[in-house]
Amino acid sequence: MAMKYLKDEKPRKFRGTGVIKPLWTVLKHMFKTTIHRPVTILYPYEKEWVPDNYRGRPGLRFDRCVGCGICVRMCPTTCIKLVDVEDDDGNTVKRPQVNVGRCMMCGYCAEYCPMDAMTTTPDYELAEFTREDLVYGPRRLHFEMTTEMMEVPMEEHLPSNVAKGIMDKPVAFYNTDKPVLSKEDCIGCSKCEKVCPTNAIKMVVIGQNERGRDIKIPEIDNSKCICCENCVLNCPKDALHIEEVL
Amino acid sequence: MMKGPELDKMWITMGPQHPFSHGLWTLRVQVDGEIVVDAEPEIGYLHRGWEKECENRIYPKIIPMADRLCYSASMTWSHLYCKVVEEALDVELPDRARYLRVVADEICRIQSHLMWLAAVGTDLGNLTVFLWCLREREFFLDLNVRLCGQRLTTNYPRIGGVRNDMPYYFERDCMRAVERFEKALWEIIAITDESSLFVNRMKGTGILTREQVANLGITGPAMRGTGVDFDIRRDDPYAAYGEIDFEVPVLKDGDSYSRFRVRIEEMFQSCEIIRQAMAKLETIPKTHPYRIKVPRAVPEGTHVTRIEDPRGEGLMYLVSDGTDKPYRLKVRSPVFVNVSAAKPLVMGARVADIPAVMAMIDMCLGETDR
Amino acid sequence: MGYSGLLEWVKFNNPMDNAYYPYDVYNLPYDAGAKLWELLGGLLGWLINLLVPGNRLSTWLISDAVVNAFAIIFLAVILFAVGFVVNLTMIWEERKVLGRMMDRRGTKIGPLGYFQCLGDGLKTFMKENVAPADKDKKIYWWALSLVIGSSVLIACMVPLSHRWFVVDYSTGLLLIFGIFALAPFFILCAGWAQNNKYSLLGGIRAATLMISYEIPMLILLASVVLMAGSFNINDIVNAQFDTMWYIVPQFIGFIVFVVCAIAESERVPFDLAEAEAELVEGWQTEYAGMKWGLIMLGDYFRGYTACALIVILYLGGWMLPGIGATAVPELVFLLKIFAVFFIFIWARASLPRVRIDQILNIGWKRLMPLSVVNLCIVLLLKMGGVF
Amino acid sequence: MSSDAKIEAPSYNDVKALVATKFPKTVSLRENTKKNSRADNEKRRIYFKADRKVLLELCTYLRDKLNFEHASSVTAVDWVDHMEVVYHLSNYFNGMLLEISVDVPLDDLTVDSVANVWGGANWHEREAYELFGIVFKGHPKLERLLTPKYYEFYPFRKSYKLRGQE
């Protein structure tokens with residue numbers, strides 16, 4: 001490649017006249033902008049177009065959310081919190097609430113959401129009068145015109161697939177990574193069953209101990225599991241761990 | 001004879017709230033009339049303990065933080081962070097990701113250089129340059145929005161690839177922006193480089209020799225304007241730069257004007273790199289991976305990598321202890337070292353030269369204080 | 001004079017009959033001023049006369065001299081008001097034209113954004129009056145008042161046409177130039193008094209600037225005066241109408257004068273005294289709020305005067321070639337001022353600020369010889385009998 | 001190859017051999033074991049572990065003879081039982097990046113300053129001093145740079161806990 005700007009080392013012939021070219025350029029430009037209008041837009045009255053994948057405040061599709069808490073754990077500023085709300089049927093469920101005043105619009109919640117319930121929205125005018133108003137509850141997070149682009153799909157390729165030459169099979173970590181139980185550590189407290197947001201864990205009886213009580217261990221339904229790690233984090237004996245597929 | 005206080009010299013404190021210091025830092029200069037006889041930079045107003053903060057976070061969460069190191073070169077910083085973790089994980093990037101990173105980096109470089117040129121305009125007292133540059137920069141910020149959804153804090157690179165593939169018609173938009181920019185840049189050159197008042201302000205100020213620059217550790221365009229022929233993109237290639245044909249502008253004069261010219265040429269070269277990378281991206285099928293899955297924990301060890309930031313050499317040194325959080329992450333910021341050389345740069349200059357000389361460093365305090 | 005009716009005191013004389021009437025033609029603002037004084041002064045004289053009949057004060061109050069003096073002051077206020085409105089318009093013009101040159105829209109408040117300057121003026125009024133504690137108090141305030149006052153004074157001295165003017169001395173032009181050159185001295189004082197290093201540097205720069213630009217300017221003035229054969233503004237304008245605009249024979253002089261005028265009014269390529277990139281706001285740093293607003297206004301008054309001088313010296317004043325003074329020569333004059341001010345704005349938009357040593361170089365090594373060359377051309381033309 | 005001549009662009013093997021002959025006991029080389037990093041990058045990285053007694057000598061040798069003109073960074077790592085000072089040097093002619101790590105025991109946190117060898121190391125050493133408390137002997141101006149002058153603690157040490165850190 002050749003230089004584009006440094007190549008022509010023209011010596012400047014008339015040294016004192018070096019102001020004529022800038023003056024002429026600016027005058028030309030003035031005529032151009034007078035005819036074609038300036039490029040600036042009058043912001044509060046005119047709005048600039050933003051693409052669908054614009055990362056404004058987070059949005060939430062209430063009906064899709066399962067309350068798994070991945071967004072809470074992935075949020076770099078810890079501005080998401082799970083709060084108790086009533087869903088449409090009147091049951092109390094846990095749904096994320098976002099403190100937009102702390103949100104830095106990184107879009108991780110949308111990217112890592114296994115249910116595509118958290119989305120990004122092109123909504124960037126967020127000024128409020130008090131800080132409390134900046135806390136968006138689960139219902140308020142809803143954004144009317146959510147499109148598919150706002151879901152931010154996570155398309156990773158497994159390195160093993162790439163090494164094998166399979167190039168068109170994107171996966172996401174919540175489809176591949178699964179919790180695995182080490183049976184000798186399990187005490188059968190069934191805490192994992194309670195915290196699982198998708199009811200993928202069921203306690204099954206595998207026998208009876210010497211005192212006649214049931215020995216229960218969790219059975220994980222991998223088709224339902226979304227790798228939210230709630231069972232791993234809540235296990236009192238660290239009997240569960242996530243097995244990563246690479 | 002008694003020697004009284006040096007009344008003929010006075011200390012002037014420029015900054016942290018001074019129009020010439022683009023950000024919060026102070027340059028204390030001692031002047032004899034209008035001539036600078038001593039100078040001392042002071043930084044630290046923005047020290048956030050970035051490196052310490054990272055020790056408390058899992059690896060993916062540091063990417064948006066790396067964006068915040070520098071507002072106008074966010075892409076290269078998050079790229080650098082992802083690169084050092086990738087080297088630690090010992091993964092190889094897919095082709096598509098490498099080229100996408102090159103495109104994103106060069107868009108970032110152009111808009112960062114335009115921000116610099118705009119600041120040079122205001123430092124030298126011409127607001128037209130400022131606005132024209134920001135107008136051109138807007139097109140590249142629009143490309144950023146299309147590509148990653150945000151204008152400045154892009155959060156685009158990921159460990160093992162990039163966040164998303166190109167959106168539809170991105171090639172077309174990118175080519176249009178580049179072609180338009182190349183024309184507009186000549187117009188900006190007409191009111192900066194072709195204006196003898198502008199050139200006279202920069203010529204012969206802030207002169208350093210090649211030995212001084214090498215010793216003081218100045219990097220980036222400020223170094224290449226002084227005759228050191230070194231560009232990490234070419235001499236220690238990363239991403240896909242090894243497969244792209246581009247020139248590294250080097251000038252030997254060592255004054256502000258040659259630094260200015262080096263940066264202008266770098267913008268043209270960035271356009272060329274974008275063009276080549278886009279042509280190459282069209283040959284890679286759309287279905288090919290742009291992001292590969294990486295393990296959460298990084299194996300034990302120390303890893304070092306560097307990258308060509310728009311302002312110079314960015315280096316990250318990662319110490320991992322086998323968990324999913326870094327044990328220590330050191331950032332070598334180019335501006336941190338460049339501004340430490342403020343004294344030899346402004347010595348002997350006039351007060352009016354200080355903005356012109358320091359503008360060529362392209363201050364960015366987020367990465368300096370970290 | 002005895003006790004008599006009010007109408008004897010308030011006579012509404014024809015101003016042209018006034019013994020001191022300074023003009024050749026009818027002058028509306030003078031007439032208004034004279035009539036106003038006849039009303040006020042006559043009333044006053046009548047009242048005093050009621051109390052103390054036959055005193056000499058009442059008679060003096062309605063004498064021709066007092067009426068003339070009041071009318072002239074009234075005219076000066078009118079000219080100041082005109083200058084004020086012209087200033088606002090010039091600020092508006094600057095913002096709009098600068099906006100177009102920079103690909104912006106400029107101001108948007110009011111019709112075509114005209115009311116922005118009013119809003120800004122109101123804003124500076126509202127601001128808190130902040131002044132440094134360690135200032136040299138007397139100089140701080142006096143220098144400020146004198147900078148603004150001298151600027152306003154020269155703006156009042158500018159004639160708008162052959163019938164709207166305040167001074168008609170044969171040395172009117174010299175008076176304007178003399179007051180014009182005073183300001184840098186006050187600026188130096190102001191820069192010293194603020195006890196701030198930036199403003200001190202700015203003040204010294206202003207003084208440096210003055211000595212390098214006054215001299216070419218005065219040489220150019222001399223060449224124009226030589227060509228016209230008079231220091232009288234009216235005569236210069238008439239001489240240009242009789243022959244041609246002096247921009248044609250003295251094109252070099254015109255260019256040099258524009259450069260000097262920009263420097264004299266401290267506008268952007270030469271605004272070293274307030275170079276904001278290195279000296280924050282130069283000598284204005286510690287003048288906050290309305291003080292700064294008034295300084296800004298004074299600056300524009302100086303810009304207005306500089307434009308007016310260019311128009312008078314080189315662009316034929318209020319006359320149009322071939323037509324002469326139209327029905328509204330004042331408007332022609334103001335339009336020419338706006339056109340010249342456009343050049344100022346244009347230079348501001350396209351050129352960066354010059355360094356102090358370069359400005360001295362330009363002043364002494366370029367403009368000074370060029371102005372001498374211009375003088376020589378004028379001499380040659382004059383000796384050749386062309387003018 | 002004589003060891004006095006200045007080599008403009010020493011290769012990987014040159015550096016390895018020359019440093020091994022010049023500092024036989026005190027400097028040891030650590031081989032890179034990465035597989036996937038590209039082969040050309042591989043030959044541009046050298047990792048040394050040096051004794052702190054020979055540090056200044058080694059650095060002067062590297063600058064003068066092997067042409068490592070540029071000190072990229074100087075940093076410190078707190079390994080709880082000891083500290084480590086890490087130097088990254090680079091060569092402009094072949095893009096080689098050389099790492100020297102020096103162990104510093106906790107009871108004697110001093111190391112020779114290289115600020116007189118490379119002016120660019122000046123602020124890096126000040127930063128390491130104020131954040132880790134390592135004293136660089138012979139530094140022209142060892143003062144706090146980023147943190148306020150009255151600070152009494154070293155915030156980047158592992159013993160300094162952040163809020164929310166156990």
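Sequence lines set the chain letters: A, B, ... in the order given, protein chains first and strands last, and positions in each chain run from 1. Everything numeric in this text was worked out from a predicted model, so none of it was measured.
Residue B/Asp229 touches chain D through its backbone alone, counting heavy-atom pairs closer than 4.5 Å. In this structure, no portion of B/Ala341 lies under 4.5 Å from any heavy atom of chain D. With a threshold of 4.5 angstrom between heavy atoms, D/Asn91 approaches chain B through N, CA, C or O but not through any side-chain atom. Only the backbone of B/Ile218 comes within contact range of chain D, judged by heavy atoms closer than 4.5 Å. Heavy-atom distances place no part of B/Pro299 under 4.5 Å from chain D, backbone and side chain included. For B/Thr219, the part sitting under 4.5 Å from any heavy atom of chain D is the side chain, from C-beta outward, and nothing else. Looking at B/Arg370, the atoms closer than 4.5 Å to chain D (heavy atoms on both sides) all sit in the side chain, from C-beta outward. Looking at D/Ala121, there are no atoms closer than 4.5 Å to chain B (heavy atoms on both sides), in backbone or side chain. If you measure heavy-atom distances from D/Glu69 to chain B, the contacts under 4.5 Å come from both the backbone and the side chain. The parts of D/His124 that come within reach of chain B are both its backbone and its side chain, each placing non-hydrogen atoms under 4.5 angstrom from that chain. Contacts of D/Val74 with chain B are made by backbone atoms alone, with heavy-atom separations under 4.5 Å and no side-chain atom involved.
Considering only heavy atoms from C-beta on, D/Asn94 stays 4.5 Å or farther from B/Asp235 through its side chain. Residues B/Leu216 and D/Trp118 have side chains not in contact (no heavy-atom distance under 4.5 Å, counting atoms from C-beta outward). Within the 4.5 Å cutoff, side-chain heavy atoms of D/Lys141 are placed close to those of B/Glu40. Side-chain atoms of D/Trp79 and B/Asp321, non-hydrogen and from C-beta on, never get closer than 4.5 Å to each other. B/Arg210 is listed as a side-chain neighbour of D/Tyr92, based on a closest heavy-atom distance under 4.5 Å.
If you take NZ on D/Lys158 and NZ on B/Lys52, they are separated by 6.0 Å, rounding to the nearest 0.5 Å. The distance from atom NE2 of D/His70 to atom CG of B/Asn215, rounded to the nearest 0.5 Å, is 11.0 Å. For the atom pair CZ of D/Arg126 and OG of B/Ser340, the computed distance is 9.5 Å after rounding to the nearest 0.5 Å. Interatomic distance, D/Leu131 CG to B/Glu51 CD, rounded to the nearest 0.5 Å: 7.5 Å. The structure places CZ of B/Arg306 at 10.5 Å from OG of D/Ser73, a figure rounded to the nearest 0.5 Å.
With chain D as the partner, the residue from B/Asp369, B/Val304, B/Val339 showing the most heavy-atom pairs under 4.5 Å is B/Val304.
Under the 4.0 Å criterion applied to side-chain N and carboxylate O atoms, B/Arg332 and D/Glu127 are not assigned as salt-bridge partners.
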Please tabulate, for side-chain N and O atoms in residues 147-154 of chain D, each donor-acceptor pair with protein atoms closer than 3.5 Å (sequence neighbours left out).
| from | atom 1 | to | atom 2 | distance (Å) |
| --- | --- | --- | --- | --- |
| D/Thr147 | OG1 | D/Glu130 | OE1 | 2.6 |
| D/Thr147 | OG1 | D/Arg144 | NH1 | 2.9 |

task = Give the intermediate values and the outcome of side chain to side chain contact (heavy atoms under 4.5 Å, CB included) for residues D/Leu146 and B/Tyr45.
result = CA-CA 7 Å; D/Leu146 296 168; B/Tyr45 298 93; over 6 Å; no
request  = Check step by step if side chain to side chain contact (heavy atoms under 4.5 Å, CB included) holds for B/Tyr317 and D/Val77.
outcome  = CA-CA 10 Å; B/Tyr317 175 66; D/Val77 184; 3.8 Å; yes
message = Could you walk me through whether B/Asp236 and D/Arg45 satisfy the side chain to side chain contact (heavy atoms under 4.5 Å, CB included) test, starting with their C-alpha distance in whole Å, then the side-chain angles of each, then the deciding distance to 0.1 Å, before giving a yes or no?
response = CA-CA 10 Å; B/Asp236 192 0; D/Arg45 304 269 189 278; 3.0 Å; yes
query = Which is it for B/Leu315 and D/Leu97 under the side chain to side chain contact (heavy atoms under 4.5 Å, CB included) test, yes or no, and what are the steps along the way?
reply = CA-CA 11 Å; B/Leu315 180 141; D/Leu97 187 66; 4.2 Å; yes
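Checked against side chain to side chain contact (heavy atoms under 4.5 Å, CB included), B/Ala66 has the following partners two or more places apart in sequence or in another chain: B/Trp50, B/Ser78, B/Tyr81.
Among pairs with a residue in residues 72-82 of chain D, none fulfils salt bridge (charged side-chain N to carboxylate O under 4.0 Å, His left out), at least two apart in sequence or across chains.
Looking only at distances, no side-chain donor or acceptor of B/Arg328 sits under 3.5 Å from a matching main-chain atom of D/Phe156.
Within residues 47-56 of chain D, the residues that have a heavy atom under 4.5 Å from a heavy atom of chain B are D/Tyr47, listed by number.
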